[in-house]
Every structure is written in structure tokens, then in C-alpha cells.
Student: 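Below is a structure I'd like to ask you about.
It should be emphasised that the depicted structure is a prediction, and the values quoted were computed from it without experimental measurement.
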Number of protein chains: 2
Amino acid sequence: MVTEPVSESDAVTLAQSFKALGDPVRLRLLSLIAARAGEEVCVCDLLDAFTQTAPTISHHLKVLRDAGLIIGERRASWVYYRVVPSALATLSRLLDASAMAGT
Amino acid sequence: MVTEPVSESDAVTLAQSFKALGDPVRLRLLSLIAARAGEEVCVCDLLDAFTQTAPTISHHLKVLRDAGLIIGERRASWVYYRVVPSALATLSRLLDASAMAGT
DNA sequence: CAGTTGATTCGACTGTTATCGAATCCGCAG
DNA sequence: CTGCGGATTCGATAACAGTCGAATCAACTG
């Protein structure tokens, strides 16, 4: 027994994070934001990578924000996003522990 | 630029895996299965941890199976499940890379 | 073969989510 | 203050996902 099973209440919040990642658009959004860490990434740049409309992308960004996986900051006319490393690391470790356990 | 953004097609399959994790019941199921690696875990054991009915749990197990995160094997009257470490490790690495990128 | 127990499949219902167009908000430039 | 471009919010709709009860399947047991 390597890992302890997650508690019923932890499962709810953790599942919310994973659910946020459970959409191709959001996964690519996060990936694009993470890939260009350091540079400034405004929503207008992100829009170019998708066929979806601006309201739809904005909605997906909000889901990622609510899950605590990214944060957005308004500067001048533009909103810049960046990832929250600790949140992603938490999820990564959970999966890694489960992967280790199953060996 | 540490990570490459995931491709549009990869995003679909990866998102399916994360979506499978995006439910508290499924997250706990995976966790319970991983935690008791080595021992035999049959569905009847898992049922005790939930208030949901057997058909519901069976449905969630199927989602996890279809996502390739667990595999089930029938022996005698019981079906035993175990995790697929490589699948979990893939997801873990993706998140870890994005976390690193955002530092 | 008939019955029992474990597990899944089926059909239906309910609540949630992805998506869009229209409207609104927020900063900035005349 | 008015107008403009970027971003979000609102309202509606259509597709999807979680849940259950009933029916079915699968393997053992008498």
C-alpha cells in the first residue's frame, strides 16, 4: 500500500481541477499559456489558435481560472494569463503516486 | 519555452483521459484501486466505499477503462481491476512539464 | 437444469456543459 | 464626453453526463 486513497471531500475539489482539463480546447489553452511562459500571452493571441469565438474561449479561460490552474491579469487594454505551477504540480504528483503504486 | 504546445489531435485523446478523472466518484475509484495494488480488488469491495448503486459504479469503471487508465480482468465470479501505470505517468508528466514551464 | 450472487447493459430522466450571438464592461485615444 | 477595440457576461439552445431501476449476462452451486 503505497498511496492513501483520497478522501471523499478532497476528491470533489481535485475532480474539479481534472474536469477543467477534460476538454480539448482548455487543454490546448493551458498548453499554449504554459509553453509561452515568460512572454506575454494575451487573449487575442490565444484566439488565433482556435476556430471558436471569443466568448467561448473566454468561458473556457474562466473554467481554468475557477479551477485555480491559471490566473489572469489586466494590463492596459489586454488581459495576460499565466499558469499556476503549484496547482499543476499537485495534480501531477497525485497521478505519479498512483502510477507508482500500480507497479 | 520549455514545453511544446500539445497538438490539436493529441488534445482530444488527452482531454478524454482528464475528463475521466474529472468526477469525484471516478477519482476515488482510481485511488482505491491504486492504493490496494498487489491485493485483489473486486467490484464488490469497491461498492462498499460508495453510496451509489452498482450500475452507477460499473458505468464509472467503464469510463476509466475506456480512457485506458485501468484494466479489468474476470476471474471466477469476480472482476478484478488494476491501474495502468504508463497511462497515469503520461498525464503526470504533461502536467509536470507545464508546471515547470510556468516557473 | 434451476437458482444464486456478482457485474454489466439498457432505457429513461435530470442536471450540467459547450457553444453561439447579442449586449455589456473596461481602458484608452481623440 | 464620445468612440473604439479587447474581453467578459448574459441568455438561449443543443448535446452530453450522472444516476437509477429493471433487465441481462456470466460463473458457480446444488
Student: Identify whether NZ of Lys or CZ of Arg in A:Arg74 sits under 6.0 Å from the centre of the six-membered ring of A:Tyr80 and within 45° of that ring's axis.
Tutor: no
Student: Output yes when at least one side-chain N/O atom of B:Arg74 is less than 4.0 Å from OP1 or OP2 of C:dT8, else no.
Tutor: no
Student: Base, sugar-phosphate, or nothing for B:Tyr81, non-hydrogen atoms under 4.0 angstrom?
Tutor: sugar-phosphate
Student: Taking the side chain of A:Val79 as its heavy atoms from C-beta onward, which of D:dT19, D:dT8, C:dT8 lies nearest to it?
Tutor: D:dT8
Student: Once you round it to whole Å, what is the distance between C1' of C:dA7 and NZ of B:Lys62?
Tutor: 13 Å
Student: Using only side-chain N and O atoms of B:Thr56, determine if any of them is under 4.0 Å from OP1 or OP2 of D:dG18.
Tutor: no
Student: What's the closest nucleotide to the B:Ser58 side chain, out of D:dT19, C:dA7, D:dG6?
Tutor: C:dA7
Student: So, taking the atom named CG in A:Leu29 and the one named CG in A:Leu61, what distance separates them when rounded to the nearest 0.5 Å?
Tutor: 5.0 Å
Student: From A:Leu14 CG over to A:Ser7 OG, what is the distance, rounded to the nearest 0.5 angstrom?
Tutor: 8.0 Å
Student: Please round to the nearest 0.5 Å and tell me the distance separating atom OH of A:Tyr81 and atom CD1 of A:Ile71.
Tutor: 10.5 Å
Student: Kindly say if B:Ser77 contacts the phosphate of C:dT5, meaning a side-chain N or O under 4.0 Å from OP1 or OP2.
Tutor: no
Student: Please tell me if B:His59 has a side-chain N or O lying less than 4.0 Å from either OP1 or OP2 of C:dA7.
Tutor: no
Student: To the side chain of B:Arg65, which of C:dT8, D:dA7, C:dG6 is closest?
Tutor: C:dT8
Student: Starting at the 5' end of DNA chain C and moving along, which residue's nearest nucleotide shows up first, A:Arg75 or A:Gly22?
Tutor: A:Gly22
Student: Using a 4.0 Å heavy-atom cut-off across all strands, classify B:Ala54 as base, sugar-phosphate, or nothing.
Tutor: base
Student: Considering only side-chain heavy atoms of B:Gln52, which listed nucleotide, D:dA7, D:dC20, D:dC28, is closest?
Tutor: D:dC20
Student: Out of D:dT8, C:dA18, D:dC28, which nucleotide sits closest to the side chain of B:Ala76?
Tutor: D:dC28
Student: Do any side-chain nitrogens or oxygens of B:Lys19 fall under 4.0 Å of OP1 or OP2 in C:dT17?
Tutor: no
Student: C:dG21, C:dA18, C:dT9: which one has an atom nearest the side-chain heavy atoms of A:Thr53?
Tutor: C:dG21
Student: Could you please name the option among D:dC28, C:dA18, D:dG18 that lies closest to any side-chain atom of B:Asp23?
Tutor: D:dG18
Student: Does any part of the side chain of B:Arg26, heavy atoms only, come nearer than 4.5 Å to the side chain of B:Leu21, both counted from C-beta?
Tutor: no
Student: Which nucleotide sits closest to the side chain of B:Val43: D:dT8, C:dT8, C:dT19?
Tutor: C:dT8
Student: Closest to the A:Pro55 side chain: D:dA7, C:dC20, D:dA27?
Tutor: C:dC20
